[in-house]
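Read the numbers this way: they start at 1 and go in the same order the structure lists the ligands and their atoms.
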Amino acid sequence: MNIYSIDEPSFVKNLNEEELVQLASDIREFLIESCAVTGGHIGANLGVVELTIALHKYFDSPSDKLLFDVGHQAYIHKILTGRSADFATLRQYKGLCGFPKMRESEHDVWEAGHSSTSLSAAMGFAKARDIKGEKNHVVPIIGDGALTGGMALEALNHIGSDKTNMTIILNDNEMSIAPNVGALHNMLGRMRTNTQYNKFKHGAEGFIERLPQVGTTLRDLADRFKDSTKYMFVDGIFFEELGIKYIGPVDGHNFEDLGAAIKTSKEYDGPVIIHVITKKGKGYHPAEHDKLGIWHGLGPYKIDTGEVLGTKKTESWSAFMSNTVLDRAHQDDTIVALTPAMPVGSKLTKFQSELPERFFDTGIAEQHAVTMSAGLAAAGMKPYLAIYSTFLQRGYDQLLHDVDRQNLDVLIGIDRSGLVGADGETHQGVFDISFISPLPNITLMMPRDEKEAAMMIDFSLNTTGPMAIRYPRGNVLGVDMEADRASLDDMSWEVLREGSEAVLISYGPTLQTVMEAADLLEIEGISVKVINARFIKPMDESMLKEFGQDNSPLFIIEESMLTGGLGSMVSTFMSDQLFTNKIQRLGIDNEYIEHGDVDLLLRDIGITKDNIALRTKQLIGVSHEKNTNR
Ligand SMILES: Cc1ncc(C[n+]2csc(CCOP(=O)(O)OP(=O)(O)O)c2C)c(N)n1
């Protein structure tokens, strides 16, 4: 079938088994070829081809509500709802989003990017439906990884007791990004292999249904027998005990089985969970046989060999941070490392294999991971928690209440700080400074290169109180690790360049652009000082007071939200001190930044050497051109 001719999903309802199989095969081929060029979440999507087709065959989207958890596995849904032509722009600037997006299609009724939200959202959709007296089906599709997230369990607790009608699709491929972990995962494993139980249970149910109504006793007895049998065959039917009817396990690559399970679920009035077994990467050898999770989502690749293209020469920031901590952990056996489900992304796999007893993958459980770190610290260990900036958002109360308030020695590596690019607005790491800055005890840093990062790790491990080091996505610069550097011990800011007409303040990788802007200004005869605000919090107040006394114009540039960012902290401090310096800020102003190449996004925000130079001139009054943020 020509995938490009698909404009809406109802055609699948008329396809027979053979045609469905052909459609699945055509979609797979399309996905493999398309993602080879653009990159994307190929592994996760190849696993749900038949499942997504079946959902569109037996449910009526958009009146029936399909809610994809995380949303990275919605490519087939996008194809079936008429978006194939846009796949050439997948995850690119102004192109097709890698996650469901309401403005792209009426079939995208729920947006995500962070995991474990679908069940709570489904509860909202279902309750709204019931209050309005509507009759549509609500169908959250959640992976075995996302199911381990606390929110999903909170929602199950509510759904089961409330008996709300919905069909939960549990897409169990045994993988999170890395192989899934935890007791729930183990339990699903037992259910997965428990076909015997299902055959027996269905047989028992049929038998009970056929029993004559000879008073309630025999039937009650039979019901009790049926209930007790489940304990004979499995370690406890978790979902049924919660009040959610369990159907499964179902072969997620078999249309007949999928159809039978979905049709059965639709007849039941109450919450149902269909346990669908799928194979991540199905149909493409490198992805199907990936044991590490590399093919979950990745950049462009060569189809015939599976070789991933565009690998950089220097190591990634994540690898540098995790391996440096590992090096220190070999010398200090109180150092432990934690990750909430991102051992691959945070490059903690080396730590995991070298020091397995001091490594913890908590699963998708950011709140738990943060508080567990606090517990470890309270008990005398030195935990290093590697967590993406965007996912730390979910552990905020734990960071405040458990780590910061108790002033515990937890070191947080805030991975993917700043713009991340292709994953888009749900993943940009631009809020952490704003939400961390009010916390009284924590020290927040961002290195300008890996040499400074190593110094920050050592500083953190040897200083009491909570510490957080932000670092970006991408690769380290490859600087000389032996070069002399200004010590961090006095927690001062670093003067990177002397100058007299204005002070440009920034941190992290943005400093490179700021230095280039200073070069441009120098060519025009304008002399500016450049400051490396390596400690974002606490700020170097004595240096700021000097700037106040000199009445220097200040320009703070950051790849972060303006509200609550360093610029706003500097402005507040200077006005509280009754200084009257001219102050200007450049950063993200009250908007979500969509997916796209980071350089293009930075251009839109105005973080380019030309714009920084222009705005510096406006600040010091060299030019009277209109002051613009863009
Ligand atoms: C709160 C949160 N933490 C971590 C992630 C990163 N992440 C994206 S997908 C994924 C694995 C999801 O596994 P599963 O739900 O089983 O889906 P699969 O990819 O296996 O289909 C993880 C950890 C996330 N998106 N959200």
Apply the side chain to side chain donor-acceptor pair (under 3.5 Å) test between Asp108 and each candidate in Lys101, His77, Arg103; give the one that qualifies.
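Of Lys101, His77, Arg103, side chain to side chain donor-acceptor pair (under 3.5 Å) with Asp108 is met by His77 alone.
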Could you tell me if [Y] and [X] have a donor-acceptor pair between their side chains, going purely by distance under 3.5 Å?
X      : Y      : result
His107 : Ser61  : yes
Ser316 : Asn475 : no
Arg473 : Ser417 : no
His595 : Tyr93  : no

**Message:** Is it the case that atom NE2 in His285 sees more than 12 heavy atoms from other parts of the structure closer than 6.0 Å?
**Reply:** no
Output for ligand 1, non-hydrogen cut-off under 4.0 Å, lists Ala44, Val70, His72, Gly113, His114, Ser115, Gly143, Asp144, Gly145, Ala146, Asn171, Asn173, Met175, Ser176, Ile177, Lys280, His296, Ala341, Met342, Ile364, Glu366, Phe391, Arg394
